[in-house]
Amino acid sequence: MKRGLRKLFAAAEEVLSRVFPPAWNPLLNLGALGFFFYWIVVISGIYVYIFFDTGILQAYRSVEYMTVDQWYAAGIMRSLHRYASDGMVVVMMLHMVREWALDRCRGARWFSWVTGVPVMVMIYVSGITGYWLVWDRLAFYVALVTSEWLDAAGIFGEPIARNFLSVEHLNDRFFTLMIFLHIAVPLVALIVLWVHLQRITRPRIHPPRGLAVGVLVSLLVLALVHPATSQGPADPGRVPADLGLDWFYLPLYPFYEKLPGPVTWSASLVLLFLFLSVPWLPPMRRRRPARVDLANCNGCARCFADCPYNAITMVMRSDGRPFAREPRVDPSLCVACGLCAGACPTAMPFRRRAELSPGIDLPDATIRALRERVHAAAARLVERPRVMVFGCEPGVDLTGLGGPAVAAVTVTCAGQLPPVFVDYVLSRDLADGVVITGCAPGSCLHRFGQAWTEARLARRRDPRLRRRVPDERVRTVWAGPLGRARLEAEIAAFRRALAALGETPPVAPAPVSRAVETADG
Amino acid sequence: MAEVLRWLGQGLVYALAAAGVGWFAQNPVWHNFPPDRARLVLALVHGGARVEACRRLSYEEIRRLPPSERRPSTCRRERRPVRVQLRLDGRILYDAWLPPTGLSGDGPSRVYAKFDVPAGAHCLLARLEDRGREDVFAWEREVTVMLPPRGRLGIDFKADKGGFLFHNLEARPGCPS
């Protein structure tokens with residue numbers, strides 16, 4: 001199921017990438033879109049609150065005034081408030097399912113997942129209390145089903161649902177409580193959202209401007225074409241029936257209404273427990289976290305700068321060597337993506353020493369093993385022009401890609417590949433060209449693998465690709481897991497271009513005398 | 001041309017997303033209650049009589065109490081369960097002994113129950129016994145109610161307002177024999 005969902009998301013991203021620029025792809029901005037919807041809800045909510053009358057008998061009239069008499073301002077704001085709230089649920093659920101499908105909730109990422117669950121609950125509570133405030137037929141239904149469900153817990157004194165027995169039983173103070181919850185819960189959710197983002201570096205909480213404008217315009221058009229309306233005043237003398245439910249916020253209400261309280265309570269608690277335990281559910285697939293080798297570390301802090309999960313901190317040097325600092329890996333935060341090893345200037349395949357051990361490395365996918373795999377793959381290349389493909393695990397499945405002219409080596413993430421490996425492959429005549437492939441543009445499983453790789457190859461970010469490496473012999477193909485055909489086509493085209501270039505030009509031997517060497521050419 | 005198509009594609013994506021949000025925000029309609037039925041809602045909170053009447057303490061009993069707790073009389077906190085019975089057109093709709101609430105059994109008895117019945121005119125008899133007696137009801141009220149389709153009749157009880165109260169819909173005293 002997870003694999004199927006992964007393919008589905010990849011296919012949807014591929015389709016959307018045909019019409020959206022990579023940075024605007026909505027599926028790659030789900031979290032940021034959630035924040036954007038949140039702010040629309042807040043701003044429109046403040047405006048709507050100006051005209052909202054908090055008396056339980058006046059609430060409906062004030063909402064009708066906004067919708068009918070002031071449709072051009074408060075009415076539009078009301079519609080924006082509702083539809084942005086719905087949009088928030090849509091992107092929140094897509095975000096959650098996508099993160100689950102991509103296994104981005106396991107290991108050190110449990111924290112983001114677990115803190116996301118209460119946010120989800122609070123968003124639902126906010127929406128449900130919002131529907132309550134309109135005090136139309138739907139609000140009455142929501143009030144009845146919610147209070148009957150809460151009463152079924154058996155922990156409240158007087159039945160809450162008794163407050164809705166008749167007009168005489170309605171209580172302004174109860175209504176005030178709902179308003180308080182409707183305002184307070186989203187504020188608490190915002191604080192929890194801040195916690196939710198604590199363990200990742202450079203979180204994107206603002207969508208690209210173009211995408212934001214597109215979303216806002218479409219919401220405005222929707223508000224004008226199909227404004228949010230009420231469903232007639234609440235009437236305790238009538239059973240609220242034939243209701244236009246908001247299926248984004250109230251999909252469970254039919255169950256809560258029809259099934260016995262113990263069943264719905266048990267199901268809700270089991271569901272909540274399952275959500276919270278997802279990071280620890282089998283099958284567990286976890287690599288050991290990155291390990292620092294101080295004997296080969298000069299404290300350059302590139303691993304610290306490139307880590308997408310705040311797993312590395314720079315601390316005082318502890319081994320007496322003449323460097324100010326050393327990296328320290330927090331195993332509880334490390335997802336073993338390998339971006340740190342890719343950033344390490346001592347991940348130097350040219351080193352002749354038997355023990356190739358960079359300053360930081362993944363114990364289960366070492367740079368040394370990577371060099372050995374490169375050699376093994378290159379040994380099978382017999383047909384020129386030869387192409388060495390480095391592909392990330394979540395990207396295109398490279399099984400069966402190899403042949404007499406093409407060799408494939410898998411890395412944990414494109415960002416795990418130190419750019420000096422490209423130089424190594426070409427200067428040692430292991431291949432005539434190098435292709436680096438990985439996740440679709442903007443959807444890097446490890447967040448920055450693609451960006452750092454592009455920046456390193458373009459010599460904009462350390463460790464930079466040596467200048468002696470001809471750019472025309474290096475190609476990146478961000479094809480995504482479904483892009484096998486595209487990758488094969490790109491490789492074929494690349495080989496034709498390499499054939500036109502001729503054989504790999506001879507280069508000067510790389511300096512290898514020092515134990516620690518920079519990757520700059 | 002390709003750029004124009006891309007913009008059109010984006011517009012289409014936004015339009016589809018907005019249409020989806022707009023549609024599911026109020027559709028499909030949830031048909032949760034049949035049009036030919038009505039609902040009775042019984043929601044009452046009433047404390048049964050104390051298990052034991054208050055009695056005056058003797059001089060010796062008062063003397064044995066700590067000075068700060070001395071009082072002329074004592075009452076046991078526990079209450080008796082309350083029996084509530086609803087009969088619709090002679091048929092028992094609800095009949096239960098409701099235990100007192102609270103850890104010491106000194107709180108009021110409570111009930112919240114719903115009954116979906118055919119719409120139309122009905123004879124409703126509501127009875128309540130709060131002194132623990134079998135087959136005797138201290139409070140009783142019989143009314144004729146006209147339940148419109150999807151009508152919702154609230155049934156409450158307040159001893160200081162004469163017993164059973166019927167809300168939302170008209171309830172005429174007595175039933176045609």
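Heavy-atom basis, side chains included; hydrogens, waters and symmetry copies ignored. In what follows, chains are A, B, ... by sequence order, proteins preceding strands, each numbered from 1. This is a predicted model, so every value here is computed, not measured.
- Under the ring pair (Phe, Tyr, Trp, His ring centres under 6.0 Å) test applied with A:Tyr249, the options A:Tyr124, A:Tyr83, A:Trp132 reduce to a single match, A:Tyr124.
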Taking distance alone, no hydrogens or angles, what donor-acceptor pairs closer than 3.5 Å link side-chain atoms of residues 15-31 of chain B to residues at least two apart or in another chain?
unit_1  : atom_1 : unit_2   : atom_2 : d
B:Asn27 : ND2    : B:Trp23  : O      : 3.4
B:Trp30 : NE1    : A:Tyr141 : OH     : 3.2
B:Trp30 : NE1    : A:Glu257 : OE1    : 2.9
B:His31 : ND1    : A:Asp242 : OD1    : 2.8

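- With no hydrogens or angles considered, a side-chain donor-acceptor pair links B:Asp130 and B:Trp139 at under 3.5 Å.
- Between chain A and the options B:Gly9, B:Pro35, B:Ala43, B:Gly11, heavy-atom pairs under 4.5 Å are most frequent for B:Ala43.
- Heavy atoms closer than 4.5 Å to chain B are found in the backbone of A:Arg18, but not in its side chain.
- Note: A:Val215 leads A:Val221, A:Val215, A:Leu219 in heavy-atom pairs under 4.5 Å with chain B.
- Aromatic ring centroids of A:Tyr131 and A:Phe140 lie 6.0 Å or more apart.
- Comparing A:Ser166, A:Ser218, A:Gly87, A:Pro26 by how many heavy-atom pairs each has under 4.5 Å with chain B, the most go to A:Ser166.
- For B:Tyr94 and B:Gln85, the side-chain atoms include no donor-acceptor pair closer than 3.5 Å.
- For residues 226-237 of chain A, a heavy-atom distance under 4.5 Å to chain B picks out A:His226, A:Thr229, A:Gln231, A:Pro236, A:Gly237, given by residue number.
- Chosen from A:Ser79, A:Ser85, A:Pro159, the residue pairing most often with chain B at heavy-atom distances under 4.5 Å is A:Pro159.
- For A:Leu245, the parts lying under 4.5 angstrom from a heavy atom of chain B are both the backbone and the side chain.
- Neither the backbone nor the side chain of A:Leu138 has a heavy atom closer than 4.5 Å to any heavy atom of chain B.
- Distance OG1/A:Thr146 to CG/A:Asp151: 10.5 Å, rounded to 0.5 Å.
- Taking B:Glu134 as the reference, nothing meets the salt bridge (charged side-chain N to carboxylate O under 4.0 Å, His left out) condition, with sequence neighbours excluded.
- Under 4.0 Å is where a charged nitrogen must lie from a carboxylate oxygen, and between B:Asp36 and B:Arg150 no such pair does.
- Residue B:Leu8: no heavy atom, backbone or side chain, is found under 4.5 Å from chain A.
- For chain A, the nearby parts of B:Val45 are the backbone and the side chain; heavy atoms of each come within less than 4.5 Å.
- When B:Leu12, B:Leu5, B:Leu44, B:Leu153 are compared by the number of non-hydrogen pairs under 4.5 Å with chain A, B:Leu44 comes out ahead.
- With salt bridges taken as basic N to acidic carboxylate O contacts below 4.0 Å, one links B:Asp95 and B:Arg83.
- Counting heavy-atom pairs closer than 4.5 Å to chain B, the top residue among A:Glu158, A:Arg238, A:Arg82 is A:Arg238.
- Using a 4.0 Å cut-off between a side-chain N of Lys or Arg and a carboxylate O of Asp or Glu, B:Lys114 and B:Asp116 do not qualify as a salt bridge.
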Would you mind writing out the side-chain donor-acceptor pairs for residues 159-166 of chain B within the sub-3.5 Å range, not counting sequence neighbours?
none

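- Contacts of A:Ser147 with chain B are absent, with no heavy-atom separation under 4.5 Å from either backbone or side chain.
- For the options B:Phe33, B:Trp7, B:Tyr14, heavy-atom pairs under 4.5 Å to chain A are most numerous at B:Tyr14.
- For B:Arg110, the part lying under 4.5 angstrom from a heavy atom of chain A is the side chain only.
- Remark: B:Glu61 engages B:Arg55 in a salt bridge, criterion side-chain N to carboxylate O under 4.0 Å.
- Using a 4.5 Å cut-off between heavy atoms, A:Leu144 touches chain B through its side chain atoms alone.
- Of the N and O atoms on the side chains of A:His169 and A:Asn163, not one donor lies less than 3.5 Å from an acceptor on the other residue.
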